[in-house]
Amino acid sequence: MKRIIVVGGGAGGLELVTKLGRQLGRKGKAEVILVDRNRTHLWKPLLHEVATGAMDTGMDGLSYRSQAHNHGFSFHLGTLTDIDRDAKLIKLAPLYDDHGKQVVGERTLNYDTLVMALGSVSNDFGTKGVSEHCIFLDSPQQAERFHDELMNRFLQYAESDTVDEKVDIAIVGGGATGVELSAELFNAVEHLSAYGFKKLNRNCLRLTLVEAGPRILPALPERISAMAHKELRELGVDVRVGTMVVEATNKGLKTKTDELIPADLMVWAAGIKAPDFMKDIAGLETNRINQLAVKDTLQTTRDDSIFVIGDCAFCLQADGKPVPPRAQSAHQMASLAFDNIVASLNGKPLKPYVYKDHGSLVNLSRYSTVGSLMGNLMRGSMMVEGRIARTVYVSLYRMHQVALHGYTRTGLMMLVGRINRFLRPRLKLH
């Protein structure tokens, strides 16, 4: 029996392995395996909500083992360290507990078809002090760390007698993550004031959003960017465009003009790259940000038995531009990779991947949602904002849930979510 291994349980990887499990694993047509370093899955575009406490990973995370049991694949907890293309096997690092004691030793898994879906991590571009003083939002664990430090800082402020003191937070990167986190932080402040944090209100938060480019949300049309910029300024965010950070210290961010932006908490959300260990892994072709180069069939340029999807794939479009690292790209790649893997098992020709831009949306917490729809499906983009945009934004997450659970279970999860709005606090307080 053929063995298919998917490494990485992000949006694209989990959707793909779930579909492979349903169609091949359950029917005994192939052995399907998911490998991930974490035990649970959370949709990455929602990590900014984990960071502020609007989402609880303990309640909203999806267990990989549970998903595997329900959908015909198996799960291996582990971190990929290397690929042996000649022997067609992958190597997994040993597992250790919180006390440094080894739980499981180094392991190897053989494959017939391998899918790399490892996603991306933040790119600090070698900026001095960033790794020591800034928090990235690449994983639920990092988002939880930010939440813990945020709650401690708010508590410190609430108990302080200093009149002019403020909570200083700086976010580097004016993309979707930085913009959405900025708005969500003001939402968190307003809710926390109702839960006994003395003196806490919108005026106590001094938030700076730093973007090196000429405008925030550079991937969106200029009108949408200007609209989001205006909304953030009205909330109280100090939006700095055309500002390059050259160093992070324990006091804040130093800019190219030698200005110090004071900050108690700093988040780095400027740019992405594939994990560093993927650079030239197994002799496969990679680009400058460690992404694996693929053909239009999503197979690597040097090995047809290895597919790549999502943010770690360097896939060029017909116009010579790379496919952007978005959730919709990962979703589309997962669908085509499934078709091509099944086709390869049956000896049929593979289809080329064509990226379809369905537009982009940015959610400014409960204050507003802005974006553009349809993208290249129409001659022009349709701008949306407000309630309509919010509905479409939420539906993107629902589509991901439907791909994992089906319509019935997703409907039940939506019902439970509505009930929990009345039973649970608006924010995670512990």
(message) Side chains of Trp268 and Val245, heavy atoms from C-beta outward: is any pair under 4.5 Å?
(response) yes
(request) Drop me the distance from Met266's CE to Asn250's CG, to the nearest 0.5 angstrom. (result) 7.5 Å
(request) Mind listing the closest non-hydrogen atom pair of Gly271 and Phe125 along with its distance? (result) CA-CZ, 4.0 Å
(request) Only counting residues at least two apart or in another chain, list the ones meeting side-chain hydrogen bond (donor to acceptor under 3.5 Å, both in side chains) with Asp112. (result) none
(message) I'd like to check the salt bridge (charged side-chain N to carboxylate O under 4.0 Å, His left out) partners of Asp296; sequence neighbours left out, ordered by chain and number.
(response) none
(message) Consider salt bridge (charged side-chain N to carboxylate O under 4.0 Å, His left out). Of Arg85, Lys295, Lys88, which one does Asp304 pass it with?
(response) Lys295
(message) Would you say that more than 12 heavy atoms from the other residues, nucleotides or ligands in this model lie under 6.0 Å from the CZ of Arg153, or not?
(response) yes
Identify all side-chain donor-acceptor contacts of residues 97-106 below 3.5 Å with residues at least two apart in sequence or on another chain.
from  : atom 1 : to     : atom 2 : distance (Å)
Asp97 : OD1    : His99  : N      : 2.9
Asp97 : OD1    : Gly100 : N      : 3.1
Asp97 : OD1    : Lys101 : N      : 2.8

(message) Quick one, Gln401 and Leu404 - any side-chain contact, counting heavy atoms below 4.5 Å?
(response) no
(message) Taking CZ in Arg39 as the centre, count heavy atoms belonging to other residues, nucleotides or ligands within less than 6.0 Å. Is the count above 12?
(response) no
(request) Could you tell me whether a side-chain N or O of Asp280 sits under 3.5 Å from a main-chain N or O of Gly283, the two making a donor and an acceptor? (result) no
(message) Quick test of your reading of the model: are Glu234 and Lys230 salt-bridged, counting only N-O distances below 4.0 Å?
(response) yes
(request) Please test Lys2 against Thr113 for side chain to side chain contact (heavy atoms under 4.5 Å, CB included), starting from the C-alpha separation and ending with a verdict. (result) CA-CA 8 Å; Lys2 298 290 186 181; Thr113 299; over 6 Å; no
(message) Under the rule for ring-ring contact (aromatic ring centres under 6.0 Å, His included), what residues qualify as partners of His41, not counting sequence neighbours?
(response) His400
Enumerate donor-acceptor pairs with a distance under 3.5 Å from any side-chain N or O in residues 305-313 to protein atoms, sequence neighbours excluded.
from   : atom 1 : to     : atom 2 : distance (Å)
Ser305 : OG     : Asp303 : OD1    : 2.6
Asp311 : OD2    : Ser120 : OG     : 2.9

(request) Taking the side chain as every heavy atom from C-beta outward, state whether Tyr111 and Ile83 have any atom pair closer than 4.5 Å. (result) yes
(request) With rounding to the nearest 0.5 Å, note down the distance linking CD in Glu285 to CD in Gln291. (result) 12.0 Å
(message) Checking the side chain of Thr410 only, and the main-chain atoms of Thr408 only, is there a donor and an acceptor separated by less than 3.5 Å?
(response) no
(request) Calculate, to the nearest 0.5 Å, the distance between atoms CG and CG belonging to Leu298 and Leu292 respectively. (result) 12.0 Å
(request) Show your working on side chain to side chain contact (heavy atoms under 4.5 Å, CB included) between Leu62 and Trp43 and close with a plain yes or no. (result) CA-CA 9 Å; Leu62 171 63; Trp43 203 45; over 6 Å; no
(request) Evaluate the side-chain proximity of Pro324 to Ser329: yes if any heavy-atom separation is below 4.5 Å, no if none is. (result) yes
(request) With sequence neighbours excluded, tell me which residues meet salt bridge (charged side-chain N to carboxylate O under 4.0 Å, His left out) with Asp124. (result) none
(message) Looking only at side-chain N and O atoms, does His69 offer a donor or acceptor that is under 3.5 Å from a partner on Arg65?
(response) no
(message) Side chains of Gln299 and Thr297 only: does a donor on one sit below 3.5 Å from an acceptor on the other?
(response) yes
(message) A side-chain contact here means heavy atoms from C-beta on lying under 4.5 Å apart; do Glu144 and Val50 qualify?
(response) yes
(message) Under 3.5 Å, is there a donor on one side chain and an acceptor on the other for Asn152 and Glu149?
(response) no
(request) Kindly compute the distance separating OG1 (Thr18) from NE2 (His405), expressed to the nearest 0.5 Å. (result) 8.0 Å
(message) Counting only heavy atoms from other residues, nucleotides and ligands, does the tally under 6.0 Å from NZ of Lys91 exceed 12?
(response) no
(request) Kindly check if the number of other-residue, nucleotide or ligand heavy atoms within 6.0 Å of NZ (Lys279) is above 12? (result) yes
(request) Could you tell me whether a side-chain N or O of Arg240 sits under 3.5 Å from a main-chain N or O of Thr208, the two making a donor and an acceptor? (result) no
(message) Donor-acceptor check, side chain of Gln332 to backbone of Lys356, threshold 3.5 angstrom: yes or no?
(response) yes
(message) With a 4.5 Å cut-off on side-chain heavy atoms, are Met278 and Thr286 touching?
(response) no
(request) Please step through side chain to side chain contact (heavy atoms under 4.5 Å, CB included) for the pair Val121 and Lys273, ending with a clear verdict. (result) CA-CA 6 Å; Val121 296; Lys273 64 179 179 178; 3.9 Å; yes
(request) Under the side chain to side chain contact (heavy atoms under 4.5 Å, CB included) rule, what do Leu232 and Ile216 come out as? Steps first, then yes or no, please. (result) CA-CA 11 Å; Leu232 290 178; Ile216 62 172; 4.0 Å; yes
(request) Find the distance between CD1 (Ile169) and CZ (Phe146) and round it off to the nearest 0.5 Å. (result) 4.5 Å
(message) Measuring only between side-chain heavy atoms, which start at C-beta, is Leu20 closer than 4.5 Å to His71?
(response) no
(message) For the NZ atom of Lys19 and the CG atom of Leu24, what is their distance to the nearest 0.5 Å?
(response) 11.0 Å
(request) Establish, from distance only, whether the side-chain atoms of Gln142 and Arg145 form a donor-acceptor pair under 3.5 Å. (result) no
(message) Take a 6.0 Å sphere around NZ of Lys29 and say whether it holds more than 12 heavy atoms from other residues, nucleotides or ligands.
(response) no
(request) Decide yes or no for Glu231 and Val237: does some side-chain heavy atom of the first lie under 4.5 Å from some side-chain heavy atom of the second? (result) no
